[in-house]
Number of protein chains: 2
Amino acid sequence: MENYEKNAIYRLHAEFCQTLSDANRLLIISELSKGEASVNELINHLGLRQSNVSKHLALMRERGLVSTRRGGACIYYSLADKRIFEAIRILMDVHRDLIEKRHSLSNDIHVFSADKR
Amino acid sequence: MENYEKNAIYRLHAEFCQTLSDANRLLIISELSKGEASVNELINHLGLRQSNVSKHLALMRERGLVSTRRGGACIYYSLADKRIFEAIRILMDVHRDLIEKRHSLSNDIHVFSADKR
DNA sequence: TGTACATATGAACATATAGTAATATAAAAG
DNA sequence: CTTTTATATTACTATATGTTCATATGTACA
């Protein structure tokens, strides 16, 4: 019953996370968190190919993360919601702590190889 | 300058998001947020195959999201940090709002064709 | 020891994904 | 109208990913 619904919700959210699971898309989002930018501006700031940036933007627009505005010949992209970047930062904080915890304990993978014989 | 470093950070974080970008992994994390569980318990709660659950758990352990404890014949998995699930919930909230915004406005793709006078 | 149970791992497959070059569209400038 | 600039799209390739079955490992216990 609600298990089915839960599955559907998590499938949706997994897609959302998948949208965030590319370094170039994160860099684009980070740029857009400073304010709207045209494709060209993004290309110059990030050093990526035009078709590459366009594709990432198209995906993110399709999934509602960014919105567009035409201004003359350019198309300006912006974050659909500032909280997108804020949420990413929160996630990054948690992730950083995980990594630190791992490194300080380091009884993580090493336990394994040390035990091997 | 620190552009190189920024890239590295976002590449790392992209991998972290990628770990969250699978519905079954999210379901597992959701289960573990209630407390530790053995592989078998997860299988029964989620209705997934044993090898499938094991593989997802192995990936998440490798990436520091979950930790393990052996108890008799079972291996108990738990979240390495409760905040993992909290951060996911925050992300889900933002995502839900995005979807709602999209549905209510629905001037989403249409802006394009409407704007071109 | 041998058997049952819990979990991990490997091989194989199908599908998804990111990147790129080439081309198409669309607006602005001349 | 033609050219130029900005962006989108397509076709293609290489690689990554999730799932499954079969098998291996490891632990408990008769």
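Residue numbers start from 1 in every chain, and the chains themselves are labelled A, B, ... in the order their sequence lines are given, proteins ahead of strands. Hydrogens, waters and symmetry mates play no part in the numbers below; they use all other heavy atoms, side chains included.
Residues B:Lys55 and B:Arg49 fail the side-chain proximity criterion, which asks for heavy atoms closer than 4.5 Å. Within the 4.5 Å cutoff, the side chain of A:Leu57 has heavy atoms near those of the A:Ile28 side chain. The shortest side-chain heavy-atom distance between A:Val66 and A:Leu32 falls under the 4.5 Å cut-off.
For A:Asn44 (side chain) and A:Asn40 (main-chain N/O), a donor-acceptor pair under 3.5 Å exists by modelled atom type. Between the side chain of A:Lys101 and the backbone N or O of B:Ala80 there is at least one donor-acceptor pair closer than 3.5 Å.
Scanning residues 12-25 of chain A for heavy-atom distances under 4.0 Å to DNA chain C yields A:Gln18, A:Asp22, A:Asn24, A:Arg25.
Here the OG atom belonging to B:Ser21 is positioned 9.5 Å from the CG atom belonging to A:Leu20, to the nearest 0.5 angstrom.
Across D:dT7, C:dG10, C:dT20, the shortest atom-to-atom separation from the side chain of A:Tyr77 is found for D:dT7. Closest contact between the side chain of B:Cys74 and the listed nucleotides C:dT7, D:dT7, D:dT10 involves C:dT7. Residue A:Arg70 has its side chain nearest to C:dA26 when only C:dG19, C:dA26, C:dT7 are considered. Comparing atom distances between the B:Ser51 side chain and each of D:dT7, D:dC21, C:dA21 picks out D:dC21 as nearest. Ranking D:dT19, D:dT7, C:dA6 by closeness to the A:Ser54 side chain, first place goes to D:dT7.
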Could you give the side-chain donor-acceptor pairs of residues 85-96 of chain A under 3.5 Å, partners two or more places apart or in another chain?
unit_1, atom_1, unit_2, atom_2, d
A:Asp93, OD1, A:Arg96, NH2, 3.1

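Hydrophobic clustering of Ile, Leu, Val, Met, Phe, Trp and Tyr side chains at less than 4.5 Å, counting indirect connections, keeps B:Leu59 apart from B:Ile84.
Of the two residues contacting DNA chain D, namely B:Asn52 and A:Ala58, the nearest-nucleotide position lying further toward the 5' end is that of A:Ala58.
In this structure, B:Tyr76 reaches neither bases nor backbone, as no heavy-atom distance under 4.0 Å exists between it and the strands shown. Note on A:Asn40: only backbone sugar-phosphate atoms sit closer than 4.0 angstrom, heavy atoms only; bases stay farther off.
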At a cut-off of 3.5 Å, list every protein nitrogen or oxygen paired with a nitrogen or oxygen from nucleotides 28-30 of chain C, distance to 0.1 Å.
none

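A donor N or O paired with an acceptor N or O is found under 3.5 Å between the base of D:dA8 and the side-chain atoms of A:Gln50. If you check distances only, the side chain of A:Lys55 does reach the base of C:dG19 with a donor-acceptor pair under 3.5 Å.
Under 3.5 Å, the side chains of B:Thr19 and B:Glu15 contain no donor-acceptor pair of N or O atoms.
OP1 or OP2 of D:dT19 lies within a sub-4.0 Å distance of a side-chain N or O belonging to B:His56.
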